[in-house]
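Chain letters run A, B, ... following the sequence lines, proteins first and then strands; every chain starts at 1. No hydrogens, no waters, no symmetry mates; every other heavy atom, side chains included, goes into these values.
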Amino acid sequence: MTIAATRSEPFAVGRPGLVERLQVALPKLVLAPSFAAILLFVYGFILWTLYLSFTNSRMMPVYELIGFDAYRKLWAQPSWYTALQNLAIFGSLYIGLCIVLGLLLAIFLDQKIRGEGVLRPIYLYPMALSFIVTGTAWKWFLNPGLGLEKTMHAWGWTSFHFDWLVNPQMAIYTVVIAGVWQASGFVMAMFLAGLRGIDGEIIKAAQIDGAPAWQLYRRIIIPMLRPVFLSAFVVLAHLTIKSYDLVIALTNAGPGGASQLPSTFMYSFTFTRNQMAVGSASAIMMLMTIVAIMVPYLYSELREKGR
Amino acid sequence: MAFLEIIGLRKRFASMEILKGIDITLEKGGFLVLVGPSGCGKSTLLNTIAGLETISEGEIRVEGRAINNLHPSKRDIAMVFQSYALYPNMTVAQNIAFALEMRGVPKAEREAAVAEAARTLQIGHLLKRKPSQLSGGQRQRVAMGRALVRNPRIFLFDEPLSNLDAKLRVDMRVEIKRLHQATRATIVYVTHDQIEAMTLATKIAVLKEGEIQQVGTPYEIYNRPANLFVADFMGSPAMNLMDAVVAAGSGRTEIRLTREGGEIRLPIPSSVTADGLGEGRKVVLGIRPEAITDRNGADRTSKAIEIVEAQVDVVEPAGSDTFVVTRLAGKEVTARMPADADVRAGARVPFAFNLDKALLFDPATGLRL
Amino acid sequence: MTSLASVAAPAGPVGGSRLGKILVYGVLLLFALFFLLPLFVMIVTSFKTLDEIRDGNMLALPVAPTIEPWIKAWGEACIGLTCAGIKGYFWNSIKMVVPAVAISTMLGALNGYVLTKWRFAGHKLVFGLMLFACFIPFQSVLIPMARILGLLGLANGTPGLVLVHVVYGLGFTTLFFRNYYEAFPSELIKAAQIDGAGFFQIFWRIILPSSGPIIVVTVIFQFTNIWNDFLFGSSFASGESAPMTVALNNLVATSTGVREYNVDMAAAMFAAIPTLLVYVLAGRYFVRGLMAGAVKG
């Protein structure tokens with residue numbers, strides 16, 4: 001008999017006076033400023049950006065619609081293709097490696113490890129750092145002259161050569177390394193929570209059925225972590241598309257624009273190259289990618305929760 | 001004049017009608033129990049009395065005055081919730097005093113009232129604790145204290161005992177009954193437990209799918225159920241219900257029940273059915289387990305004892321009684337025999353039916369005949 | 001999710017054999033090194049002299065530890081045209097973070113309260129729209145925001161950044177509190193209504209005193225996010241009014257003169273210390289915030 005009890009409806013007020021009407025409206029009045037702010041600053045601004053992407057705005061916005069010109073320009077830009085290609089490389093490696101590493105570490109940590117309380121925070125602390133700090137640290141660590149390469153030489157591995165940071169072909173991979181370093185601990189925590197949430201009796205049952213350890217994981221535990229895979233994918237995909245700070249700090253989208261991502265592309269076209277309409281168009285493309293990933297996910301999550 | 005009147009109350013959620021025209025009255029000092037299976041609308045009905053849910057139609061009156069447009073805090077009611085709903089951040093004393101504080105009662109008065117309620121419920125030693133430090137039974141007492149201190153016109157209880165273990169539930173039931181007898185408070189109480197309903201109520205309303213099935217005293221509900229639903233719902237073990245056909249008797253009504261390898265005929269006393277039932281009419285015979293016993297256990301004052309030999313299916317010793325299950329008319333039939341009755345599964349034993357206690361129902365409408 | 005630390009591990013079937021155990025511990029320790037290495041290098045470098053950096057091994061401990069780089073990073077390093085270190089920017093960040101976190105957390109609590117306990121027709125849509133606002137790429141609001149801040153006269157400074165962070169943090173804070181209050185028994189609200197408490201009385205007297213954990217989670221999440229923000233900082237605050245992350249990036253990216261790696265690292269440490277401190281002190285809540293932002297429910 002708790003079906004109806006979970007609803008707390010506003011109650012009836014007979015012949016409402018001003019005070020009572022205010023009382024009833026109070027919750028909505030409290031929520032209104034926040035909701036209005038989000039409507040304006042998020043949805044209003046998105047429409048504004050969309051509008052700008054159909055104009056010929058350069059340094060300053062102009063409001064004369066000229067159609068799809070900016071999109072044509074955008075898709076004619078070689079650097080936009082570089083950005084998309086980098087997004088694909090970065091996204092697939094970042095998401096893939098984070099999930100593989102995160103799952104591996106979570107499973108290993110779940111073996112009644114002594115010192116788990118020490119290891120777990122070590123894996124996770126990079127998530128507390130600013131991407132700018134991470135970028136600065138890795139930039140120094142991977143510095144071709146003074147960093148890893150020099151250390152290896154000092155240790156006697158004189159043929160060791162590592163110049164990805166300044167190599168246009170490889171620069172995007174340094175972003176992958178730093179990104180995976182930052183986020184895989186977080187993915188580990190998600191998987192660990194998932195593992196700890198599995199009903200222990202199922203595992204006992206499987207062990208009694210005689211499943212060896214690797215079979216237990218392959219056939220029973222990992223399939224049960226499906227929701228975590230989905231969540232991890234969505235979170236990482238979202239982080240991928242928003243990634244901006246890390247690239248700026250690590251490679252500054254260089255060398256020569258070689259590690260450009262859509263986010264850096266948008267910023268440079270809008271604010272330094274005075275191509276606001278093209279910048280808006282690229283922002284809209286980013287938004288649409290996020291919408292394609294997030295909306296189905298959020299919809300299913302909310303529906304599940306709403307019962 | 002009735003103290004609490006509920007008149008033609010309807011409640012709709014979207015296109016679903018949850019309460020379909022409820023009419024109940026309760027006299028001052030009465031103890032009304034709303035009982036029914038999950039989803040029958042009994043908690044919704046209680047919430048509408050409390051003002052926690054709006055009503056779509058109808059009226060709720062207390063002492064002749066409509067209250068259904070008043071805010072819950074203005075209705076002069078107190079409510080005890082299933083989860084107790086104690087404020088987790090406040091001590092027991094603060095919990096009990098909260099409603100008085102909200103009404104601007106001075107501190108000294110509040111403290112006196114809290115002390116009084118604590119004495120009645122014997123929770124004086126708990127006043128400084130937080131709800132998380134209390135056992136289930138103690139929380140229950142505090143929740144009652146919070147209601148008691150208000151001295152409201154009506155107390156509402158929403159399944160207050162369902163979160164307690166079996167033994168504590170019995171204790172608290174007695175406690176609530178004692179409290180009611182001592183305070184003569186007017187109480188509306190929701191439960192799905194028919195034993196609670198029977199033991200506590202001065203008046204029971206049985207609900208099903210948003211409709212009242214029967215309102216009456218516990219005695220009426222138990223012994224003169226208005227229909228098959230009430231008959232089946234109230235009582236544990238449930239009433240035996242068997243399909244039967246009216247057979248013409250010589251001057252008196254007899255019914256026929258099929259059984260394995262034949263049929264039996266049972267005479268129905270005129271006290272059970274006033275009107276003559278036509279021959280061949282289908283009926284449902286209802287008879288409670290305690291009206292079927294062994295030969296020694298049969299009620300000596302009854303003139304309508306019929307002995308039926310039948311094979312025992314299962315024997316369930318329950319300590320104070322032994323329940324014996326057999327099959328008649330294609331249904332399981334439970335008899336309540338003395339604890340020392342010598343019956344074994346598989347044996348054929350005589351069952352003594354006290355047909356004074358029998359009831360007949362119309363299988364089509366479900367109503368009692 | 002709270003069980004992360006407390007629930008005992010189930011069967012640990014991988015490391016049944018001794019070899020398995022060694023493998024498991026080996027891999028775990030290796031990755032611990034991988035995660036610690038950059039921080040280690042950053043710290044040791046920040047205590048070395050430039051000569052030692054040029055001649056020595058990146059991984060070696062400083063031969064002659066010096067706090068000179070830290071002093072220089074804090075008060076003397078050149079960022080842009082001024083050479084007054086990063087201390088001014090550090091305070092900029094503090095002045096931005098404190099009000100932004102306080103306001104967005106407060107509003108989030110009220111919103112969550114309304115969206116769970118005072119529901120109205122359309123509450124799901126309202127929440128859905130607020131929730132989605134968490135996930136938009138901020139590039140899609142950057143240009144209009146710049147225009148509006150310009151019109152409001154907040155284009156270049158801390159108040160503008162506070163406004164931006166409050167608005168774009170609201171989705172998350174509302175989400176956190178909504179999910180927390182969703183599990184808060186509605187019967188308590190009903191009881192309080194019957195007891196005569198109004199909307200704000202229930203909030204102050206009953207809801208808020210029980211919200212300790214979620215307030216900590218939200219504050220930490222917002223603090224970390226806003227402190228670490230770079231995109232808004234670099235877009236809406238330049239020069240003297242820039243926050244810490246922007247100043248750090250400018251310092252490190254400055255290409256004039258001798259590269260002072262030790263000063264760069266010390267400055268990076270200044271930017272990292274507040275959030276690291278929070279992580280060390282309240283890691284459990286930090287993780288809960290991350291999880292709540294990722295997996296709803």
Quiz item: Non-hydrogen atoms of chain A under 4.5 Å away: do they reach the side chain of C/Ile220, the backbone, both or neither?
Solution: neither
Partner chain C: residue of [options] with the largest heavy-atom pair count (under 4.5 Å):
options                              : result
A/Ser57, A/Pro121, A/Ala37, A/Ser282 : A/Pro121
A/Trp138, A/Trp181, A/Phe141         : A/Trp181
A/Leu104, A/Leu101, A/Leu39          : A/Leu101
A/Ala178, A/Ala249, A/Pro61          : A/Pro61

Quick one: pull up [atom1] in [X] and [atom2] in [Y] and give me the separation to the nearest 0.5 Å.
X        : Y        : atom1 : atom2 : value
A/Phe41  : C/Leu163 : CZ    : CG    : 4.5 Å
C/Leu231 : A/Ser263 : CG    : OG    : 8.0 Å
C/Met42  : A/Leu129 : CE    : CG    : 6.5 Å
C/Phe127 : A/Phe35  : CZ    : CZ    : 12.0 Å
C/Asn249 : A/Asp245 : CG    : CG    : 9.0 Å
C/Leu248 : A/Ser130 : CG    : OG    : 7.0 Å

Exercise. Would you please test C/Val141 and A/Trp48 for side chain to side chain contact (heavy atoms under 4.5 Å, CB included) and show each step?
Key: CA-CA 8 Å; C/Val141 295; A/Trp48 191 342; over 6 Å; no
Practice problem: For C/Leu28 and A/Glu116, run side chain to side chain contact (heavy atoms under 4.5 Å, CB included): C-alpha distance rounded to whole Å, both residues' side-chain angles, the deciding distance at 0.1 Å, then the answer. | Solution: CA-CA 10 Å; C/Leu28 288 176; A/Glu116 190 201 318; over 6 Å; no
When you compare the side chain of [Y] with that of [X], does any pair of heavy atoms fall below 4.5 Å?
X        : Y        : answer
A/Ile38  : C/Leu129 : no
C/Phe138 : A/Val42  : no
A/Tyr244 : C/Pro137 : no
C/Tyr261 : A/Asn143 : yes
C/Asn228 : A/Phe131 : no
C/Leu59  : A/Trp155 : yes
C/Gln139 : A/Tyr267 : no
A/Leu298 : C/Leu131 : yes

Could you check whether any side-chain N or O of [X] sits under 3.5 Å from a backbone N or O of [Y], counting only pairs where one atom can act as donor and the other as acceptor?
X        : Y        : answer
A/Lys150 : C/Arg54  : yes
A/Thr49  : C/Ser140 : yes
C/Tyr25  : A/Arg114 : yes

Quiz item: If we ignore angles and hydrogens, is there a donor and acceptor under 3.5 Å between the side chains of A/Trp140 and C/Thr45?
Solution: yes
Quiz item: Using non-hydrogen atoms and a limit below 4.5 Å, what part of residues 25-33 of chain A faces chain C?
Solution: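 Residues in range: A/Leu26, A/Pro27, A/Lys28, A/Val30, A/Leu31.
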Self-check item: Working for side chain to side chain contact (heavy atoms under 4.5 Å, CB included), residues A/Leu124 and C/Tyr279
Solution: CA-CA 9 Å; A/Leu124 239 151; C/Tyr279 178 68; 3.1 Å; yes
Quiz item: Would C/Met130 and A/Ser34 satisfy side chain to side chain contact (heavy atoms under 4.5 Å, CB included), going step by step from the backbone distance to the final call?
Solution: CA-CA 9 Å; C/Met130 294 182 87; A/Ser34 299; 3.9 Å; yes
Quiz item: Side chain, backbone, both or neither: which part of A/Met127 has a heavy atom under 4.5 Å from chain C?
Solution: both
Compare every heavy atom of [Y] with every heavy atom of [X], then report the nearest pair and how far apart it is.
X        : Y        : result
C/Ala268 : A/Val133 : O-CG2, 3.7 Å
C/Ile143 : A/Ser280 : CD1-OG, 3.2 Å
A/Leu148 : C/Met58  : N-CE, 3.6 Å

Quiz item: Taking every heavy-atom pair that is under 4.5 Å apart, which of C/Asp229, C/Val27, C/Val166 has the most such pairs with chain A?
Solution: C/Val27
Quiz item: Among all residues two or more places apart in sequence or in another chain, which pass the side chain to side chain contact (heavy atoms under 4.5 Å, CB included) test with A/Ile122?
Solution: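 Listed in chain order: A/Val118, C/Ala32, C/Phe35, C/Leu36.
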